Amino acid sequence: MKSSFKSDLKKEKQLSKLLDKYYKRHLKQYCFKRISSLEEQRKGVDLILTSTLVDAVFYVDEKAQLDYINDSLPTFAFELFYEKNGIQRQGWLFDSKKKTDFYALVTSIYADEENTFTSCSITFVNRKKLLAYLESRELSKEGLKEIAATNEGFHGKLELKALDVKNEGYLFFSRKKKAEKPVNLILKLDFLIQIGVAKKLV
């Protein structure tokens, strides 16, 4: 199994050009600054939005479905855990070291040729509201960690009692196909908008 980290970085660099066009067009009430510092990116900051109307600054972490070019998925994977050197690490969703205020979920990414992106959809998710909602549905950091621990070695989709699998979401264990062996919380984009934690930008 190979990590796709380097190839993803190349794709992300090309995709950011398209994203910046969308931000300029649809976020006119904000000034935005793209962050190149790896240290800041590790803290969950790809973009800083500064409001032109009120004194407010927001940190944005861009998450793109780069494994699904020229495809449109109704869901998004929120990373709970991953492995590095055989040790389970905290994924980005519940990582307290992240400064992220919003996730910019980039989906329905289309390209005419390799790494030449022509269109995509962007859904902004309020991280604080999402975590509070998950907590209210008994899907806290500790609760999900316990579920993952009791299903060690499991691969594939795992239904959760707290979520409707068809309309809301489920867990997915990628034990066999990815080097990092991530455990992801898969949530429907329409569901996130419906519960008021997300808004579609484009």
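Small disclaimer: the values here were computed from a predicted structure and weren't measured. Side chains are part of it too, since the values below use all heavy atoms of this structure and drop only hydrogens, waters and symmetry mates.
Put simply, Leu185 and Val125 are part of the same group of oily side chains (I, L, V, M, F, W, Y) that touch within less than 4.5 Å, one to the next. Following chains of ILVMFWY side-chain contacts shorter than 4.5 Å, one can reach Tyr30 starting from Ile122, so the two form part of one hydrophobic cluster. Clustering ILVMFWY residues whenever any of their side-chain heavy atoms sit less than 4.5 angstrom apart, transitively, puts Phe94 in the very cluster that holds Leu171. Neither Phe172 nor Phe154 shares a network with the other; the hydrophobic side chains, linked directly or stepwise wherever heavy atoms of I, L, V, M, F, W or Y lie under 4.5 Å apart, form separate groups for each. Clustering ILVMFWY residues whenever any of their side-chain heavy atoms sit less than 4.5 angstrom apart, transitively, puts Val45 in a cluster other than the one holding Tyr23.
At least one side-chain heavy atom of Arg42 sits under 4.5 Å from a side-chain heavy atom of Leu38. Put simply, the side chain of Ile109 does not reach to within 4.5 Å of the side chain of Leu18, judged on heavy atoms. Between Gln65 and Val106 the shortest side-chain heavy-atom distance does not fall below 4.5 Å. The closest side-chain heavy-atom distance from Lys84 to Arg89 is below 4.5 Å.
Taking all atoms of both residues into account, the shortest heavy-atom contact from Leu163 to Gly169 is CB-O, 3.6 Å. Here the closest heavy-atom approach between residue Phe81 and residue Ala148 is recorded as CE1-CB, 3.8 Å. Between Leu139 and Leu144, the shortest heavy-atom contact is O-CD1, 3.6 Å. In this structure, Lys63 and Phe76 approach most closely via the heavy-atom pair O-CZ, 3.3 Å. Nearest heavy-atom pair across Val202 and Cys120 is CG1-O, 4.1 Å. Closest non-hydrogen pair, Val60 versus Ala104, comes out as CG1-CB, 3.8 Å.
Formation of a donor-acceptor pair under 3.5 Å by the Asn126 side chain with backbone atoms of Lys129 is found in this model. Although no hydrogens or angles enter the test, the distance criterion places no donor-acceptor pair under 3.5 Å between the side chain of Asn85 and the main chain of Ile87. Panel note: side chain Thr150, backbone Glu146; a donor-acceptor pair is recorded below 3.5 Å. In this structure a side-chain-to-backbone donor-acceptor pair under 3.5 Å is present from Thr52 to Gln29. Between the side chain of Asn184 and the backbone N or O of Ile186, no donor-acceptor pair lies under 3.5 Å. Asn151 places a side-chain N or O within 3.5 Å of a backbone atom of Ile147 that can act as its donor or acceptor partner. Between the side chain of Thr100 and the backbone N or O of Gly44 there is at least one donor-acceptor pair closer than 3.5 Å.
Ion pairing between Lys99 and Glu40 holds under the 4.0 Å rule for side-chain N and carboxylate O. A salt bridge links Arg137 with Glu168: at least one charged nitrogen is closer than 4.0 Å to a carboxylate oxygen. Using a 4.0 Å cut-off between a side-chain N of Lys or Arg and a carboxylate O of Asp or Glu, Lys98 and Asp61 do not qualify as a salt bridge. Comment: Asp67 engages Lys178 in a salt bridge, judged by a side-chain N to carboxylate O separation of less than 4.0 angstrom.
Within the model, atoms NZ of Lys181 and CZ of Arg175 stand 8.0 Å from one another, a figure rounded to the nearest 0.5 Å. Distance check: Leu93 CG to Lys141 NZ gives 10.0 Å after rounding to the nearest 0.5 Å. The SG atom of Cys31 sits 12.0 Å away from atom NZ of Lys24, with the distance rounded to the nearest 0.5 Å. Atom CD of Glu138 is separated from atom NZ of Lys161 by 10.5 Å, given to the nearest 0.5 angstrom. Between atom OG1 of residue Thr123 and atom CG of residue Leu189 there is a gap of 5.0 Å, rounded to the nearest 0.5 Å. With rounding to the nearest 0.5 Å, the separation of OG in Ser119 from NZ in Lys21 is 11.5 Å.
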>> Evaluate Asp20 against Arg34 for salt bridge (Lys or Arg N to Asp or Glu O under 4.0 Å), listing each step before the verdict.
In response: CA-CA 9 Å; Asp20 287 352; Arg34 185 162 290 284; 2.7 Å; yes
>> Using the rule given for side chain to side chain contact (heavy atoms under 4.5 Å, CB included), can you reason through Ile193 versus Lys200, listing the C-alpha separation, both sets of side-chain angles and the distance that settles it, and then say yes or no?
In response: CA-CA 8 Å; Ile193 293 169; Lys200 191 168 182 177; 4.2 Å; yes
> How far apart are the C-alpha atoms of Leu47 and Leu49, what are their side-chain angles, what is the distance that settles it, and do they pass the side chain to side chain contact (heavy atoms under 4.5 Å, CB included) test?
Replying inline: CA-CA 6 Å; Leu47 203 72; Leu49 293 179; 4.1 Å; yes
> Taking it one step at a time, do Ile48 and Val57 satisfy side chain to side chain contact (heavy atoms under 4.5 Å, CB included)?
Replying inline: CA-CA 7 Å; Ile48 296 178; Val57 176; 3.6 Å; yes
>> Does Glu12 form a salt bridge (Lys or Arg N to Asp or Glu O under 4.0 Å) with Lys17? I'd like the steps, not just the answer.
In response: CA-CA 9 Å; Glu12 285 171 7; Lys17 296 176 183 178; over 6 Å; no
>> side chain to side chain contact (heavy atoms under 4.5 Å, CB included) for Asp55 and Thr50? Distances and angles first, verdict last.
In response: CA-CA 8 Å; Asp55 185 21; Thr50 306; over 6 Å; no
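Among residues at least two apart or in separate chains, ring-ring contact (aromatic ring centres under 6.0 Å, His included) pairs with a member in residues 103-132 are Trp92-Tyr103. Sorted by first and then second residue, the ring-ring contact (aromatic ring centres under 6.0 Å, His included) pairs with a member in residues 34-72 read Phe58-Phe102; sequence neighbours excluded.
At most 12 heavy atoms of other shown residues, nucleotides or ligands fall within 6.0 angstrom of atom NZ in Lys145. Around CD of Gln41, the count of heavy atoms belonging to other residues, nucleotides or ligands within 6.0 Å exceeds 12. Heavy atoms from other residues, nucleotides or ligands lying under 6.0 Å from CD of Glu159 number 12 at most.
For the pair Lys157 and Tyr170, the cation sits on the ring face: its NZ or CZ lies under 6.0 Å from the ring centre, inside 45° of the axis.
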